Each structure stands twice: as C-alpha cells, then as structure tokens.
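In what follows, a single structure is set out as structure tokens and then discussed.
Here, residue 1 is the first one in the sequence, and each next residue gets the next number. Quantities reported herein were computed from a predicted structural model and do not represent experimental measurements.
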Amino acid sequence: MPDLLVAAALSEPMVSTVAARPLGSRGSREEITDLPADLTASAATVLAGLPGWWRARAKAVGLAGKWLDIEQALQAKPPVDLSGSAGLPVDLSAFTPEGVGGAYVEALSSATRARHGRHYTPTELSVRLWDLARTSLKLPPRDRVLQGLVLDPACGAGALLLPALREHLRASYEVDPALTLAGLPNLVRGIDADAFAVWVANVVLAAEMLPTLLRVPEALRRPLPGLAHVGDGLDMPQQAARVVVMNPPYGRVRLAPAERERYAHVLYGHANLYGLFMAGAVDALDDEGVLAALVPTSFTSGRYFSNLRSHLGSEAAMTAVAFVEDRSGVFTSVLQETCLATFERRRRMKTRISSLGSAETQIAAVKVQRTGDPWVLPRRSDDATIAAAASAMKESLSSLGWRASTGPLVWNRRSDDLYPTKGTERSHVIWAADLDGGVLHRDPARDKMRFLALTVASDLKVMVLNEPAVLVQRTTAPEQSRRLVAAHLSQQDLDDRQGRVTVENHVNVLRPTAKDPVLTPEAMTRLLATKTMDRVVRCISGSVALSAYELESIPLPHRDEVRKWNDLQGAALEAAVAAAYRPTGE
C-alpha cells in the first residue's frame, strides 16, 4: 500500500471537495461537469478498490449473494467503469469509511487539491461538529432519530454525514428496518460537484446501512438508497434543512454577473466560496434549523465578510464557536485559523466559546454579536472580561480620527528595483523586521534590499511616505510574544532617511485623518504597546495577521476617556487602559 494511503488510514480523514471550480485570486465558478477533472491513476486505483471494500463489509455483517456486489446492492452507480483502471485496485480492507474518503483525496495531485479546495480533517472534528449541532438542537445524550433533513452541501466523501446517519440508524433499531431505509433520502443528503467523490460518499454511507439491511426479510430487500448527489451545493434545496453540516471549499472566486447580484447582500469586494456557502446554508434552514460549519475564522473579522456578518447576525445567531488549535494537525496546506461554528434560527442571547486541542477547554459565554463590525471573541478564558467590555464600546481607531493602510511595496514584484545603497532616485525601505521590539530600527538582514528605485511614474504618489505615522506589523511570527507591534515614524526618522520612506506590505501604516486627533502619534504608539491592547487584538484576530481594517476597528472607550491617555505613559498608562477594559461594575 502506498505510504500516503497508510497515512490517510491512520489519520482517519474526511474529504470536502468541489470540482470544476478553480480557486485562488484568479478563480471562477464554472458549470458543473459530468466528471471531475484531473483524476490521477492512483486515485483511480483507490476507486477501483471500493467493490472489494464493500464485499468485505457486507460479508462481515452476514450478507451474501448479490448484496456483496456493490452495483447490485446500491441504487447509485459509479460515474465510469473503473474495473479496467490502470494498476491493481488498492486494498482498502483495513480502512474506516472516513479513511476511504481520505485515501481518495490523498491520491489526487497536490495541484488539484489546492486548485479545487479539496481537504480533509480528522474524524474527531466531524464527530465534534455533529455534537455541536445536537447541543444546539437540545437533544438528550441518548440516540435520537432525525427530526428533519441533515444536509451537507459540499459533502465530498460524506464523512460529515456519517455521525448523524449512524445515530439515526441506532435510534431506529426498533422500527421496521425496511421503512427506516426507505425514509433515509428525506433525512440525510449530500451534494457535491465531484462525481467521483459523490460515488465514494454513496458507498461509505450505504455501508453503514448494511446491518439494517440484514434485518429486512430477504424477499423484501431492495437496493440501498444513494444519499449523495452530483450538483451545485449553492443551489437552494426544495426541502428546508433542520441541520446543515459542512466543511466547504475555501478561496476567492470570480462570480458571473447573475451570481454576484444573487449574493450582493453578503458580499463586500471579492467573494470567498466558504462565505457563499455559509450564507446559502443559513438560507436553507427551517425555522428551528442549525448550521454547524468547519470554516476559517476570517469571517468573524475581515472586511470582505462585513456584509456576511450582518446577514448571519440577522438570520441566525452564532451560538457556539470552538477554535481549533494546532492547525498543522488538522489540515494539510491550510494555514489560517479554523473554527467549528454553529448558528441557530432560534433567538439566542449568548455565544459559547471553547478551544479544541488535545482536549476541549471552555473559554467563556459572551453576548451574541450581530453587527457587520469585527466580532470580539476571546481565545483564552482570562480575556473574557476584556472581550465583554470591548464588544460594548462604540468608538474605534477609525472613529477617533485614524486611518490604516497596508504598505504598498510587494518586494517580489519589484525585486529588480531593490538595492543595498541609497541614491537620489531611491527611497529607504522599511521592513516588518525593522519594527521588532516596538522601536524603529534597521534590521541588517534586510540591508541587501534596503532602497527602492523609483522607476515608475506613479511611485512618488503610491510608494512614498513623507509624513510622520505609526507603523504596525501586519504579520507576526507564531513565536512572538505580541501580536500588536508598533513603532513611531517621527519627522526626525524621516529626515534621517532623506525625507521619505517606502513601507513594505507586511506593515500597516496608521495616519491621522484630522489635524488634532484624539490621540497624538506618540500617544497612539504607547497605547498600542500596552498589554491590554495586545489582548484586545487577539480577541479580534486569532491568527498571526492583523489587517488594516481590523486595526482601524479596534474598539476603544469614549473619546473623553481616551484623550486623557495622551498625558500617560509606562505603568500609569497600563493601569488606565486595563481599567477601561473592565466590564461596568467590576
């Protein structure tokens, strides 16, 4: 067995996949095709191993005859004849149902997985996602039959549907098994654009039905229903869902004009597929419905998700969020912070926050946030009071007269214009490393690219900063103790650098929008260096990146309180800021 398939079996992964939809900054949604592209020879051998896997599972429960033949036992059919695929079928006999799906996606090329957003997660996360949905539905600990449709609109190999299906089958043991099987298509449904992944999903989901099929008298047995279907998961289902579970594809996507109009209420700038799936999923819920989604946390704070946050807040409150720690053990090639989030149609007042690592840690219960502003959500229990105070504040850096922008220099686009020495037509470059420690200095590791030649007509307007500002690192290393690292670029600093600088794009630039801002640049730099402000930022963005929008949106107390901080520094400023971020009455 190939090493990558052994790894897939050991990690018991699950697949979420959408085909024929190139992702990335140049991505676009295309028409769904009958077959997915880029099926590798190794993926074909995995699919060819499914009949043997099925035969072993059917024999193990005591079935015989035609029920050992996957194509006779299952109403769904494979998209093509795989019996003559190149290479010997992979032996999947030791694989779990989740592992079968993981083997398929692992056998695809890395380029295909990246382009189409195909990824898998450990089985324990799919189980935990169903547990979160059960909690929102207020189901008792014992197994319960499903009371409505459980839908996965980006089902891949079906692993997110397995926990719900297993519970329903256990809870239905005393019911006529033939009726139980006949009713499943109205209770469990998956949709995906990848026809091969859909075939895998139908096989592994039907395998869970085999013990129930055994209890049906032989004369009354019928082929098992296919619960997954090829289709566009963004199409609204005719039947409203009680639960939507999903791990949707991620990535920017170019929309056709009609689709952009359809999603205009949840878009700001470019579209990200997972945001569209979240909006569609909420719209698909019935009046008591619950959405349980494994998604990046960027929707809670990023500018491009501001309209989505408003839509979610008005249609379905986020009642629970579990931040996933140790992302390297969850996804391959997904680096951003990830969470399990549940949303409920019913009116709720609190959001339960926890952290998922080697164990689950309860963090806090905070007031449900419904606005398009960044949601303030503590990642640690000792930040809960700070988050509660911050979420009630009406002011922000923006409202108090400060504007943030991202440094314009993307160095690899101008690498030919970067020099180690100064010149009359060159500008001193400030790198993120020059801000380490909160003091503007010159990091020697960047000196080979210290000066930018101003060769483009627009450089003097776009690339040059010639006025004092506060510089803030946009990205920090995981090992850094602070996420908020700022330094003051004074007039003296500019004079020492020929009166102008160029800021690279891993640095945000804060500039006052009024002649007399509430905080002076010096005071703003001191404020951003306080421990409390670093903790506030961690409640807005749990990743190592802090966008200009998130920086502008940092919640602040009333301006009269903030104005007093101009005259404070050191321990006095630390104490004043800490006191301001305590909930009223403490």
Side-chain angles (χ1 to χ4, degrees), residues 14-15 47 50-51 53-55 57-58 60-79 97-98 100-101 104 126 130 143-233 235 237-246 284:
M14 80 92 178
V15 174
L47 296 171
L50 285 174
W53 183 81
W54 175 272
R55 188 177 304 108
R57 305 280 290 198
V61 303
L63 290 165
K66 70 177 185 178
W67 305 107
L68 304 184
D69 183 345
I70 191 172
E71 295 201 36
Q72 293 189 68
L74 184 57
Q75 291 178 12
K77 301 299 179 185
E98 292 88 348
V100 170
Y104 165 68
S126 61
W130 176 243
D143 290 332
R144 286 285 301 272
V145 296
L146 298 177
Q147 299 298 306
L149 174 66
V150 177
L151 171 70
D152 184 347
C155 69
L160 285 182
L161 295 171
L162 284 168
L165 175 61
R166 287 165 177 159
E167 177 172 348
H168 179 75
L169 292 175
R170 291 192 301 265
S172 304
Y173 189 83
E174 300 299 329
V175 179
D176 182 333
L179 291 177
T180 296
L181 295 174
L184 285 177
N186 293 320
L187 295 173
V188 179
R189 187 176 307 156
I191 302 171
D192 205 282
D194 181 345
F196 288 129
V198 166
W199 169 238
V200 176
N202 277 318
V203 172
V204 299
L205 291 169
E208 297 297 319
M209 309 175 205
L210 290 172
T212 305
L213 179 66
L214 180 66
R215 295 189 289 110
V216 178
E218 190 166 356
L220 300 178
R221 290 176 189 166
R222 298 291 183 270
L224 295 167
L227 303 181
H229 311 277
V230 177
D232 186 346
D235 286 343
Q238 293 182 350
Q239 178 185 357
R242 177 58 52 87
V243 178
V244 175
V245 291
M246 65 179 186

Atom pair CD (Q147) and CG (L187), whose distance is rounded to the nearest 0.5 Å: 9.0 Å
Donor-acceptor pair, side chain of W54 and main chain of W67, under 3.5 angstrom: yes
Side chains of L162 and S126 in contact at under 4.5 Å (non-hydrogen atoms): no
Audit row: L63, L213, side chain to side chain contact (heavy atoms under 4.5 Å, CB included) steps and yes/no: CA-CA 9 Å; L63 290 165; L213 179 66; 4.1 Å; yes
Any donor-acceptor N/O pair, K77 side chain to E71 backbone, under 3.5 Å: yes
Backbone of E167 reached by a side-chain donor or acceptor of R144 within 3.5 Å: no
For H168 against V145, the heavy-atom pair lying closest together: ND1-CA, 3.5 Å
Inter-residue atom distance L227.CG - E208.CD, 0.5 Å rounding: 11.0 Å
Minimum-distance pair of heavy atoms, taken over all atoms of A157 and G101: CB-CA, 3.5 Å
Heavy-atom side-chain proximity of L224 to N202 below 4.5 angstrom: no
Backbone N/O of G190 and side chain of D152: donor-acceptor pair under 3.5 Å: no
Interatomic spacing from CG in L181 to CG in L169 - rounded to 0.5 Å: 7.5 Å
Residues in side-chain contact (heavy atoms from CB on, under 4.5 Å) contact with A182, at least two apart in sequence or another chain: none
Heavy-atom donor-acceptor pair, D192 side chain to V198 backbone, under 3.5 Å: no
Closest contact, heavy atoms only, V230 versus A195: CG2-CA, 3.7 Å
Heavy-atom side-chain contact between D143 and Y173 under 4.5 Å: no
Taking every non-hydrogen atom, the tightest pair across P153 and V244: CD-CG1, 3.7 Å
Nearest-0.5 Å distance that lies between atom CG in L184 and atom OG in S172: 7.5 Å
Contact summary for A201 and G156, nearest pair of heavy atoms: CB-O, 3.5 Å
Exceeds 12 heavy-atom contacts within 6.0 angstrom, atom CD of E218: no
Under the side-chain hydrogen bond (donor to acceptor under 3.5 Å, both in side chains) test, residues paired with Q239 that sit two or more places apart: R189
Smallest separation among heavy atoms of V204 and P97, with atom names: CG1-O, 3.7 Å
E98 side, atom CD; L160 side, atom CG - distance, nearest 0.5 Å: 9.5 Å
W199 and L74: CA distance, side-chain angles, deciding distance, side chain to side chain contact (heavy atoms under 4.5 Å, CB included) verdict: CA-CA 10 Å; W199 169 238; L74 184 57; 3.8 Å; yes
Salt bridge (charged side-chain N to carboxylate O under 4.0 Å, His left out) against R215, all qualifying residues, sequence neighbours excluded: none
Stepwise side chain to side chain contact (heavy atoms under 4.5 Å, CB included) check, L165 with L146: CA-CA 9 Å; L165 175 61; L146 298 177; over 6 Å; no
Donor-acceptor under 3.5 Å (Q72 side chain, I70 main chain): no
Any side-chain heavy-atom pair of R221 and L214 under 4.5 Å: yes
